[in-house]
2 protein chains.
Amino acid sequence: MARLSALASPHRLRIIAALTAGGRNYVSQLAREIGISRPLLHLHLQKLEEAGLVTSQLELGADGKALNYFEVAPFVLDLTPAAITALVATLTTKSET
Amino acid sequence: MARLSALASPHRLRIIAALTAGGRNYVSQLAREIGISRPLLHLHLQKLEEAGLVTSQLELGADGKALNYFEVAPFVLDLTPAAITALVATLTTKSET
DNA sequence: CATATGCGTCAGTTATTTCTTACATATGAA
DNA sequence: TTCATATGTAAGAAATAACTGACGCATATG
């Protein structure tokens, strides 16, 4: 569920695409490349990270500035009627998405 | 995009699961089985149909009542970083999801 | 010190979805 | 005709999600 709703957003899809095509990147830089505000990007990255679709790693740049690098986590979601049915059976009993 | 956001809802996932497990069903009956109001179900079915995840067919029951049957459309969405990247490339140019 | 870059977060607004209630139509049966 | 079933939809409330702008804090440079 968290994964599905995380992917139901144009911005977040674009973020994943950018990180996939361009490799890992830090927040401010990524915000400039994608063309959205840093707070907004932060919000979306947060959701993606909660969903386990991206990971972050805080590093110190050559100049000593703190850079928070994000990269996509490898994931495979196959959505079919059967898969969804199985997933829902799980949810009803009690669980995650 | 329409497909992804259509699937980012517990209710809609349950609707798909119900139609997959129980086969085609008409609106009022399905609403009773799932336990949500008919207008609400109607709303969700609408989104699912717009996304092409379900199809509907109006029929006349044995008693002459109009019954709108819904069934799941076979679909396969595989969501991976690469697939999303390809999809976003499409969107940027101009297209659907 | 002032400026520029990086980080995060909170407060408040705006937009979008979701849901309920109520209305309107149609058919068959009592 | 009245009741029960089916359909759809529109209006407004409630709940989420999305977004902006302004903070505060840290480090390096001019």
Side-chain angles (χ1 to χ4, degrees), chain A residues 1-16 18-19 22-51 53-71 88 91 97, chain B residues 1-16 18-19 22-51 53-71 88 91 97:
Chain A
M1 206 36 253
R3 293 193 150 181
L4 280 177
S5 44
L7 292 175
S9 153
H11 275 165
R12 290 195 287 270
L13 291 180
R14 241 173 288 129
I15 290 169
I16 290 179
L19 290 177
R24 64 204 298 274
N25 204 349
Y26 63 94
V27 186
S28 293
Q29 177 61 21
L30 185 56
R32 281 189 292 265
E33 291 182 5
I34 295 182
I36 64 179
S37 73
R38 193 174 54 80
L40 181 55
L41 174 60
H42 184 271
L43 172 76
H44 287 306
L45 284 174
Q46 207 169 301
K47 293 208 170 175
L48 288 171
E49 189 165 28
E50 285 169 5
L53 301 176
V54 302
T55 58
S56 68
Q57 197 176 343
L58 194 61
E59 296 178 11
L60 288 181
D63 59 354
K65 303 265 176 59
L67 303 177
N68 199 7
Y69 277 90
F70 279 80
E71 66 183 320
V88 169
L91 290 181
T97 311
Chain B
M1 202 41 252
R3 290 193 154 178
L4 280 177
S5 45
L7 292 175
S9 152
H11 275 165
R12 290 194 287 269
L13 290 181
R14 242 173 288 128
I15 291 169
I16 290 179
L19 289 177
R24 64 204 296 275
N25 203 349
Y26 64 94
V27 185
S28 294
Q29 177 62 21
L30 184 56
R32 283 188 290 264
E33 291 180 5
I34 294 184
I36 64 179
S37 74
R38 193 177 55 78
L40 180 55
L41 174 60
H42 183 270
L43 171 76
H44 287 305
L45 283 173
Q46 207 169 302
K47 292 206 170 177
L48 287 171
E49 189 166 29
E50 285 169 6
L53 300 176
V54 303
T55 58
S56 67
Q57 197 175 343
L58 196 61
E59 296 179 10
L60 288 180
D63 59 354
K65 302 267 175 58
L67 303 177
N68 199 6
Y69 276 90
F70 279 81
E71 67 183 319
V88 169
L91 290 182
T97 311

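To find a chain, count down the sequence lines: A is the first, B the second, and so on, and within it residues start at 1.
- B/Leu41 has its CG atom 17 Å from the C1' atom of C/dT21, to the nearest Å.
- Here D/dA18 is the nucleotide among D/dA18, D/dA6, C/dG6 with the atom lying nearest to any side-chain atom of A/Lys47.
- In this entry the distance linking OH of B/Tyr69 with P of D/dA6 reads 10 Å, nearest Å.
- A 4.5 Å side-chain heavy-atom check between A/Phe70 and A/Glu49 finds at least one atom pair inside the cut-off.
- Nucleic acid contact for A/His42: base, since at least one base atom lies under 4.0 Å from a heavy atom of the residue.
- Across the interface with DNA chain D, nearest-nucleotide mapping of A/Arg38 and A/Lys65 shows A/Arg38 to be the residue nearer the 5′ end.
- Atom CD of B/Gln46 is separated from atom C1' of C/dT18 by 13 Å (rounded to the nearest Å).
- Side-chain proximity of B/Tyr26 to the nucleotides D/dA6, C/dG6, C/dC19 is greatest for D/dA6.
- Between A/His44 and D/dC19, a side-chain N or O to OP1/OP2 separation shorter than 4.0 Å is present.
- The separation between B/Leu58 atom CG and D/dT5 atom C1' is 15 Å, rounded to whole Å.
- Rounded to whole Å, atom P of D/dG8 lies 10 Å from atom CG of B/Leu67.
- Formation of a donor-acceptor pair under 3.5 Å by the A/Arg24 side chain with backbone atoms of A/Tyr69 is not found in this model.
- We find that CG of A/Asp63 is positioned 12 Å from P of D/dG30, with the value rounded to whole Å.
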